[in-house]
Peer 1: 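Next up is a structure, given as structure tokens.
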4 protein chains.
Amino acid sequence: MQVKKEEIRQTIIDVATNEFMRMGYENVSMRVIAYKANTTIGNIYHYFKNKEVLLQTILIPVFDNIENLMKQHFENEIKCPLTQKEALYYAEHLEEFFDKSELRGFLDKRIVIILKLESSSLLERKEKFIEELQEHLQQHIRMKDDAHYSKIVIDVLADCLKHVLIEHDNINDAKAEFIKLFRLFCTGFIGQMK
Amino acid sequence: MQVKKEEIRQTIIDVATNEFMRMGYENVSMRVIAYKANTTIGNIYHYFKNKEVLLQTILIPVFDNIENLMKQHFENEIKCPLTQKEALYYAEHLEEFFDKSELRGFLDKRIVIILKLESSSLLERKEKFIEELQEHLQQHIRMKDDAHYSKIVIDVLADCLKHVLIEHDNINDAKAEFIKLFRLFCTGFIGQMK
Amino acid sequence: MQVKKEEIRQTIIDVATNEFMRMGYENVSMRVIAYKANTTIGNIYHYFKNKEVLLQTILIPVFDNIENLMKQHFENEIKCPLTQKEALYYAEHLEEFFDKSELRGFLDKRIVIILKLESSSLLERKEKFIEELQEHLQQHIRMKDDAHYSKIVIDVLADCLKHVLIEHDNINDAKAEFIKLFRLFCTGFIGQMK
Amino acid sequence: MQVKKEEIRQTIIDVATNEFMRMGYENVSMRVIAYKANTTIGNIYHYFKNKEVLLQTILIPVFDNIENLMKQHFENEIKCPLTQKEALYYAEHLEEFFDKSELRGFLDKRIVIILKLESSSLLERKEKFIEELQEHLQQHIRMKDDAHYSKIVIDVLADCLKHVLIEHDNINDAKAEFIKLFRLFCTGFIGQMK
DNA sequence: AATGAATGAGCGTTCATTCAT
DNA sequence: GATGAATGAACGCTCATTCAT
């Protein structure tokens, strides 16, 4: 019943990623991961020192990627800051720009895991990431953020991502719906009213 | 070491309310509640038959209240539905109307607990409440809700409430910030840009 | 709500006696006794130092009584030992002799409690009582009891008593059925066959 | 400290069987079983999903067996019903027939557990089994069972089994004593008198 | 590489009991 | 005399984790 090493390792990661996204890291037991990955708890520990390391294996690449994307995005912003008018334009035509924009990096189950993470050693890195995100958003919104809008906006982002990723297995459907939602928050609920 | 009944009972409720709001009902242990309320597990069970009943004691009054408020709100809506223009006006001057509006009932830690609730017998009541909320929102936004905007909007509401209630002990500060956030979502992020 | 002292004390004893008989001493909680006696746990402890003492209060009088009866019975036996023929006669006409015989002392809920008792400090006294009963029975059966018949017979007695006392609230009905059962065991199952 | 799987599993079953028989299923704690089986609570749950399943593992085979035996017995009975004379003969010479008779299936610790069982999902199956036993007995005794003799007889059977199985580790000794007791109840106590 | 036996801490809960009021 | 607040040990059970095989 021996399977190629990488295969089962990847299955464990895939199963854990899905479960962590849906249920939250804290609420997923090694038992169910083992069961859904058709292996045993002991074998998961063969590949990953502990639950924490399994989480890190899943999240660290996406941390690296997203931090990179944000750095690029930040640099572009400084060169040519968006005006409100431009922002509106982008929001309206997001379909065209999505894949080229740094937003593409967010449409990822693992981002949901990060944004909902409540314990683990990665919390620190999460906080740093959230802070950077907040700063970016403040750049965009360009205002004193005394109401901590940006913090909320990030939670909202997490909810939207979780929602579209759970509802739509097909990545294109997910993208389409995410874009709709993103636009909704850009222009506001009242903008939707007739 | 005996304390007046209502005192410790209220302490338990207060501690539980805070912990449930911050960590979620499922992630709070009776031991932690006992410890933070300066009592013992056994004594909590003296006041509340089980964890579930403790939760119900906390949530049922707010369920009753909020369902009432929503009914009123719904009836008012039907008599004179909001136009986009009026909505904008209300959003701009929310400070003046907040205490009279049905929104006031939402500024409550216990609403956060409800919105984040994942297990317990109250789930059914929660779902009914969420459904009604969704219907209301679809009335307001007056659109086909094919992207399930309303579901997301509710999650967003939960995040906002959680945020402002955790950050601000003072109810007025919490209110002020909630109003800001509410307005933000009404008019959109881009509207905030200069 | 103050009731005459003896009244509530007796109620507690009555409730406890019934519960102990039906469920066994070990399986009855102070909670249910308090509830069924319309009082509080604390108040039971006001009357009885602990569960053990409550049990003793119930059982000690019956211990005293039954030990007495057995002594009398033993003395009578020695004066004029039963022959098999006489025994058969008594078994056949038990209705007439029951109230005068020492058997009458056994038709008591508290005997059931004793015979089913598994823990408590009274176990020692129970064992002594059982031993005496055994000796009596060996007198009656007049045989080497290498198969410990008598021990079994006592368990059988307990079962019969429990059965008739639970099934029949009316003491006369209980007596009638107990006599039938007693006769059955005296003459054997095969004796019942046509 | 790892032991061969079946060894510890069987030890747990053996310990549990003994404890359940002696104390009754409800009065045995998993901690005690773990301690007497030289293992830990957690490890018992490694082998058995819960206490209920441990009980089922012990009892279901004996349920299957005994139900089968009773079916056979019932069929034989119908073909050639016992007369009183034959019954007496069998009772007298039970040693010779025991191993061939359906009675052999009853000389089992697990039968005692069943007969004393008060809770658990197996109760239903127990009740069905008891009912069948009662019907059989009424067949044998061939009488109106208005005093519920059969119910009592079954309790008596449980007591006898418990007694001989606890007193005699050696199965042959147990059998011998069980036969003596069985005969006693067939012919009655008075029959034993000189 | 893989299994699953084993551990111990912690969970929600019940219980007998104590004691201030 | 009566209440009920308070305690701590024990219950059945789950979990992350370790380790021999």
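Naming: A, B, ... by sequence-line order, numbering from 1 per chain.
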Peer 1: From the list F:dT3, E:dG12, E:dT7, which nucleotide is the closest neighbour of the side chain of B:Lys51?
Peer 2: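 Closest of the options to the side chain of B:Lys51: E:dG12.
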Peer 1: Given E:dT17, E:dA5, F:dC13, which nucleotide is nearest the side-chain atoms of D:His46?
Peer 2: E:dA5
Peer 1: Hey, is the side chain of B:Thr39 poking within less than 4.0 Å of OP1 or OP2 on F:dA5, counting only N and O atoms?
Peer 2: no
Peer 1: Please give, in whole Å, the distance from E:dT14 P to B:Tyr47 OH?
Peer 2: 18 Å
Peer 1: Closest nucleotide of DNA chain F for B:Asn38 versus for D:Asn50: which of these residues is on the 5' side?
Peer 2: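 First, find each residue's nearest nucleotide; the 5'-ward one identifies B:Asn38.
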Peer 1: For B:Asn43, answer base if it contacts any base atom (sugar-phosphate contacts may also be present), sugar-phosphate if it contacts only those atoms, and nothing otherwise; contact means non-hydrogen atoms under 4.0 Å.
Peer 2: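 Base contact.
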Peer 1: In terms of side-chain heavy atoms of C:Thr40, which of F:dT7, E:dT14, F:dT3 is nearest?
Peer 2: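 When the side chain of C:Thr40 is considered, F:dT3 is the closest of F:dT7, E:dT14, F:dT3.
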Peer 1: Rounded to the nearest angstrom, tell me the gap between atom CD in B:Glu19 and atom P in E:dG12.
Peer 2: 12 Å
Peer 1: Taking CD1 from B:Ile44 and C1' from E:dC15, how many angstroms apart are they, rounded to a whole number?
Peer 2: 17 Å
Peer 1: I'd like to know if A:Glu67 and A:Lys128 make a salt bridge, using a cut-off of under 4.0 Å between side-chain N and carboxylate O.
Peer 2: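 No, this pair does not count.
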Peer 1: Between P on F:dT3 and OH on C:Tyr35, what's the gap in Å once rounded to a whole number?
Peer 2: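 Atom OH in C:Tyr35 sits about 15 Å away from atom P in F:dT3.
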Peer 1: Does A:Lys51 reach the main-chain N or O of A:Val28 with its side chain, forming a donor-acceptor pair under 3.5 Å?
Peer 2: yes
Peer 1: Starting at CD of D:Glu6 and ending at P of E:dG4, how long is that distance when rounded to a whole Å?
Peer 2: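 It works out to 12 Å between those atoms.
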Peer 1: Can you work out whether A:Gly42 or D:Val32 has the more 5'-proximal nearest nucleotide on DNA chain F?
Peer 2: D:Val32
Peer 1: Does a nitrogen or oxygen in the side chain of D:Tyr45 sit under 4.0 Å from OP1 or OP2 of F:dC15?
Peer 2: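 Result: no.
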Peer 1: Can you tell me if A:Glu118 uses its side chain to pair, donor with acceptor, with the backbone of A:Glu26 under 3.5 Å?
Peer 2: no
Peer 1: Rounded off to whole Å, could you give me the CG-to-C1' distance for the C:Asn27 and E:dT14 pair?
Peer 2: 14 Å
Peer 1: Looking at every strand, decide which applies to B:Val28 at a 4.0 Å heavy-atom threshold: base, sugar-phosphate, or nothing.
Peer 2: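 B:Val28: backbone/sugar contact only, no base atoms under 4.0 Å.
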Peer 1: Without decimals, in angstroms, what is the distance between B:Ile41 CD1 and F:dA6 C1'?
Peer 2: 13 Å
Peer 1: Distance check needed: E:dG12 P versus B:Tyr25 OH, whole Å only.
Peer 2: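 One finds 8 Å between P of E:dG12 and OH of B:Tyr25, rounded.
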Peer 1: Looking at E:dC19, which nucleotide sits across from it as a Watson-Crick or G-U wobble partner, both distances under 3.5 angstrom, or is there none?
Peer 2: F:dG4
Peer 1: Are B:Lys36 and B:Asp14 within salt-bridge range, i.e. N to O under 4.0 Å?
Peer 2: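 Salt bridge absent between B:Lys36 and B:Asp14.
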Peer 1: Between the main-chain N or O of A:Thr17 and the side-chain N or O of A:Lys109, is there a donor-acceptor pair closer than 3.5 Å?
Peer 2: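 A pair under 3.5 Å: no.
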Peer 1: Is there a donor and acceptor pair closer than 3.5 Å between the side chain of B:Arg31 and the base of E:dG10?
Peer 2: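 Not at all, since no donor on one side and acceptor on the other fall under 3.5 Å apart.
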Peer 1: Could you please name the partner base of E:dA1, counting Watson-Crick and G-U wobble pairs only when both distances are under 3.5 Å?
Peer 2: none
Peer 1: Of the nucleotides E:dA16, F:dC13, E:dA2, which one has an atom closest to the side chain of C:Met30?
Peer 2: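 For C:Met30, the side-chain atoms sit closest to E:dA16.
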Peer 1: Testing the 3.5 Å rule here: is there a donor-acceptor pair between the side chains of A:Gln56 and A:Ser121?
Peer 2: yes
